[in-house]
Number of protein chains: 2
Amino acid sequence: MPEKSHKHVTCENCLSRQNSLFGSFCGEEVDLLERQKSCSYFKKNQPLFIEGSAPRGVYCINEGKVKIFARGEEGKEQIIHLAAAGEVVGFRAMFSGEPYKVSATTLEESNICFIGKSDFLDLVDSNPTLRNGIMKELSKELADRATFITNMAQKSVRERLAFSLLMLQDIYKEEMINLSREDMANFVGTATETLIRLLKDFKEEELIATHARRVEILDREGLLRVAGN
Amino acid sequence: MPEKSHKHVTCENCLSRQNSLFGSFCGEEVDLLERQKSCSYFKKNQPLFIEGSAPRGVYCINEGKVKIFARGEEGKEQIIHLAAAGEVVGFRAMFSGEPYKVSATTLEESNICFIGKSDFLDLVDSNPTLRNGIMKELSKELADRATFITNMAQKSVRERLAFSLLMLQDIYKEEMINLSREDMANFVGTATETLIRLLKDFKEEELIATHARRVEILDREGLLRVAGN
DNA sequence: CGGGGTACATGATAAAAATCATTTTTTACT
DNA sequence: AGTAAAAAATGATTTTTATCATGTACCCCG
């Protein structure tokens, strides 16, 4: 496992920034961002923010992964979104004027920069490109969640798992999927035992392979067929 | 049943506007809106827009109700949102630059005004209050959908139905809930037969009463208890 | 105002998934 | 490296929900 640790990343050289909401920033805009942000190292399973608390700013992931989740009645987590490097997390609550309705926690060691609420809102006010990017992002995410809801309502757990594994593959890129069975179950929306049984089925069907907890995708096409789209 | 028909509503006098995204508009802003909008009468079950098509503008509901839904693999509808008078529908796709991911259809006779895409986007560009209202709306809706997903994943159909009935009550206000069993099932996310059986249970438990297809809420508290929040 | 079509309702059965109990494997720590 | 604790895996069983088949009621239209 690569040794990660706190390092001060400059926005200018931040590869993650390129694909982020701030990707359009140039010269002095990057400088301003650089001055306003603070960069922190997060251990695994460390919370960025918690449901019910008041938003203090936004988090830009330089390296690492973050789960965004809500809690149901009995405290069971439902993972709503998984965010990887380049994503800006926590900006939705900036505009709603309400406390967070979801929580965010790191899934692995991460380097994450923080931009305070007023600085961020000033940026949004003064930068039409950023603003449009945000509106676009919000709208797309809204559409994604409509699909999410529909899948949840109409697909079987087996179909949802196949679909989820493909999504996870996109998030983990070259790496193998490395997520606890419980988190995976909370993403798919099922019981941990059911998830484990289905993983076993997929293994027997040679759609995936497992190396301890890590999951390797062997047959994308096959999974896509199982997912039913 | 009140006889509805096409009538030209002026934005100035439109009661629905007060609570809408355009609620903050004053004098000349209202005049501009008035000149740009066109007002139409829609019959029951008439589509406003369809999944996959390119957005042409936004729809402001003066009177009536609209369902927003996606279709799953086998064509089954999943109702994502129910919109009533005062709501502006279809503006999310304005910003995403993508075709509609959902469809919208009237649930009853409705009077709905239309504002073309470029007019609407100009309004948004030139009016910071409107813009902030939209960002707030998008963010809130995103939070709502996180809750929706969590409920879908973790609550039983019985719990979801109780919750849905309370939501429907809020939408239908003084009127009784008047929705086909199929639409109701597609909102709750279950089979029509299951929904009907559960309505019967609720009737026996005196939580609701039915008058033909219309549903009357007898015991809000009780339903809230069943819903489990 | 009657009849046909659609929506609603009920029943029987099968399938899917949750739950609870227990064992095995992996991980983290000293 | 050894061990305790946590996570993963398996098994048995129950509960929930979907599906298929069929009967009934409502309501729109001629």
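Since this is a predicted model, take the numbers as computed values, not measurements.
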Pair A:Thr10, A:Asn13: side-chain N/O donor-acceptor within cut-off below 3.5 Å: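 Result is yes, a qualifying pair exists.
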
Separation of atom [atom1] in [X] from atom [atom2] in [N], rounded to whole Å:
X        : N      : atom1 : atom2 : answer
A:Asn45  : C:dT27 : CG    : P     : 15 Å
B:Met184 : C:dA9  : CE    : C1'   : 14 Å
B:Phe202 : C:dC8  : CZ    : P     : 18 Å
A:Leu199 : C:dT25 : CG    : P     : 17 Å
A:Arg214 : D:dA7  : CZ    : P     : 17 Å
A:Glu182 : D:dA8  : CD    : P     : 8 Å
A:Glu159 : C:dA15 : CD    : P     : 16 Å
A:Ile196 : C:dT23 : CD1   : P     : 17 Å

Whether A:Phe120 and A:Phe91 hold their rings parallel, tilted or perpendicular, with breakpoints at 30° and 60°: tilted

Protein-to-nucleotide contact annotation, 5' to 3' order, nucleotides 13-30 of chain D [B base; S sugar-phosphate only; - none; under 4.0 Å, heavy atom]: ----SBBB------S---

Atom of B:Tyr59, atom of B:Arg56 and distance for their closest heavy-atom approach: OH-NH2, 3.7 Å

Test log, rule salt bridge (Lys or Arg N to Asp or Glu O under 4.0 Å), inputs A:Arg145 and A:Glu141: CA-CA 6 Å; A:Arg145 288 192 189 179; A:Glu141 199 129 352; 3.6 Å; yes

Criterion salt bridge (Lys or Arg N to Asp or Glu O under 4.0 Å) on A:Arg181 and A:Glu193, from CA distance to verdict: CA-CA 9 Å; A:Arg181 297 297 173 257; A:Glu193 296 96 319; over 6 Å; no

Test side chain to side chain contact (heavy atoms under 4.5 Å, CB included) applied to B:Ser139 - qualifying residues, sequence neighbours left out: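 Scan of B:Ser139 (side chain to side chain contact (heavy atoms under 4.5 Å, CB included), adjacent residues dropped) gives A:Phe95, A:Ser96, A:Leu138.
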
